[in-house]
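We're numbering straight along the sequence, starting at 1. Atoms considered below: every heavy atom in the structure, side chains included; atoms not considered: hydrogens, waters and symmetry mates.
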Amino acid sequence: MRFLFVFLFLASFAIAQDIEKQNGLNKNSLSFNAGSIVFINGIGLSYQRIFPKVINFLSFKQANSVVSIGTNIIHSENSLWGITEINRFLIPHISYGLINNVERDHHLEIYIGIFYRYETSYSFSSEPNTILPLVKFGYRYQAPQKNLVFKCGIGSVNLLYIGLGYAF
């Protein structure tokens, strides 16, 4: 009797997952991103997980929640009065966000979170390592049940960013 109960439970669980997957995006994605603004350039890698629908928020009708974890490397150069200053930062971050229209190809996403700025090269105007707020707003292209993820937007880690990833 126990075997029958376990079998029925696992079978219904598997069928429910297939029905949910047919109508939405692949829930996990890994993306490589690059950002730049004038003399500050950065690259990064991030993992995102999409969770079930949560709320209706402004233009985010039928919004799903997203958790993002990643790290960026930022490089900047300043040249003032013949002195060149080079700064490099390692920036791990975690954020929570909303993504709309998971049944379609085109999405808006918004994130808030925190990042830790760790300076790997010290210069004349070196600042201590700090925890700062993260804010991102962008566009995402990901078709339901497809693997390609394209992202671009504005954020506080890389001011202007573009990303390409793989959803699974």
Side-chain angles (χ1 to χ4, degrees), residues 6-76 88-118 131-168:
V6 170
F7 176 75
L8 288 175
F9 174 73
L10 291 176
S12 65
F13 182 73
I15 290 169
Q17 290 232 345
D18 287 341
I19 291 170
E20 181 183 324
K21 276 187 146 185
Q22 290 174 357
N23 298 328
L25 301 176
N26 291 336
K27 303 297 183 209
N28 301 297
S29 68
L30 191 62
S31 63
F32 173 77
N33 55 45
S36 181
I37 184 76
V38 188
F39 58 88
I40 300 173
N41 303 304
I43 58 172
L45 186 66
S46 66
Y47 167 77
Q48 294 179 327
R49 170 76 177 168
I50 299 174
F51 292 99
K53 292 184 170 115
V54 287
I55 57 170
N56 291 337
F57 179 70
L58 299 175
S59 68
F60 288 85
K61 304 296 183 209
Q62 300 178 355
N64 287 43
S65 59
V66 180
V67 173
S68 178
I69 298 171
T71 189
N72 286 27
I73 298 171
I74 306 292
H75 173 85
S76 69
R88 291 185 188 96
F89 301 98
L90 181 65
I91 302 179
H93 56 84
I94 185 167
S95 59
Y96 173 80
L98 297 175
I99 182 172
N100 72 344
N101 299 328
V102 294
E103 294 84 17
R104 298 188 182 147
D105 294 353
H106 307 280
H107 317 281
L108 290 177
E109 51 185 14
I110 186 168
Y111 295 94
I112 59 170
I114 58 172
F115 67 90
Y116 180 73
R117 187 179 68 190
Y118 176 75
I131 295 176
L132 297 168
L134 176 136
V135 177
K136 289 192 328 186
F137 180 76
Y139 165 78
R140 175 183 184 135
Y141 173 81
Q142 181 183 357
Q145 297 309 303
K146 301 293 182 190
N147 296 332
L148 176 69
V149 177
F150 171 79
K151 301 187 308 181
C152 62
I154 298 172
S156 59
V157 175
N158 291 350
L159 200 52
L160 299 173
Y161 67 90
I162 189 167
L164 194 59
Y166 179 79
F168 53 96

Please output the side-chain donor-acceptor pairs of residues 40-50 that fall under 3.5 Å, not counting sequence neighbours, one pair per line with the distance.
from, atom 1, to, atom 2, distance (Å)
Asn41, OD1, Ser36, OG, 2.7
Ser46, OG, Ser31, OG, 3.2
Tyr47, OH, Asn28, OD1, 2.5
Gln48, OE1, Arg140, NH1, 2.6
Gln48, NE2, Tyr111, OH, 2.7
Arg49, NH1, Asn28, OD1, 3.3

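A heavy-atom distance below 4.5 Å is found between the side chains of Leu132 and Phe115. With a 4.5 Å cut-off on side-chain heavy atoms, Asn64 and Leu25 do not count as touching. A 4.5 Å side-chain heavy-atom check between Val149 and Asn26 finds every atom pair outside the cut-off. Inter-residue side-chain proximity for Lys146 and Asp105 is flagged as unmet; no heavy-atom pair is nearer than 4.5 Å.
Between the CD1 atom in Ile110 and the NZ atom in Lys136 there is a gap of 11.5 Å [rounded to 0.5 Å]. Going from atom CG of Leu90 over to atom CZ of Arg117 covers 12.5 Å, rounded to the nearest 0.5 Å. In this structure, the separation between CD1 on Ile94 and CG on Leu134 is 10.5 Å, given to the nearest 0.5 Å. Between Ile37 atom CD1 and Leu160 atom CG the span is 4.5 Å, to the nearest 0.5 Å. Taking CG of Leu108 as the start and OH of Tyr139 as the end, the distance is 9.0 Å to the nearest 0.5 Å. Rounding to the nearest 0.5 Å gives a distance of 13.0 Å between CZ of Phe150 and CD of Gln142.
Among all heavy-atom pairs drawn from Tyr161 and Gly138, the shortest one is OH-CA, 4.0 Å.
Residues satisfying the ring-ring contact (aromatic ring centres under 6.0 Å, His included) test with His75, not counting sequence neighbours, are none.
Ser68 places no side-chain N or O within 3.5 Å of a backbone atom of Ser95 that could act as its donor or acceptor partner. Side chain of His93 to backbone of Ile114: no donor-acceptor contact under 3.5 angstrom is found.
Atom CD1 of Ile154 has 12 or fewer heavy atoms from other residues, nucleotides or ligands within 6.0 Å.
Between Tyr141 and His106, the angle of the ring planes lies from 30° to 60°, which puts this pair in the tilted group.
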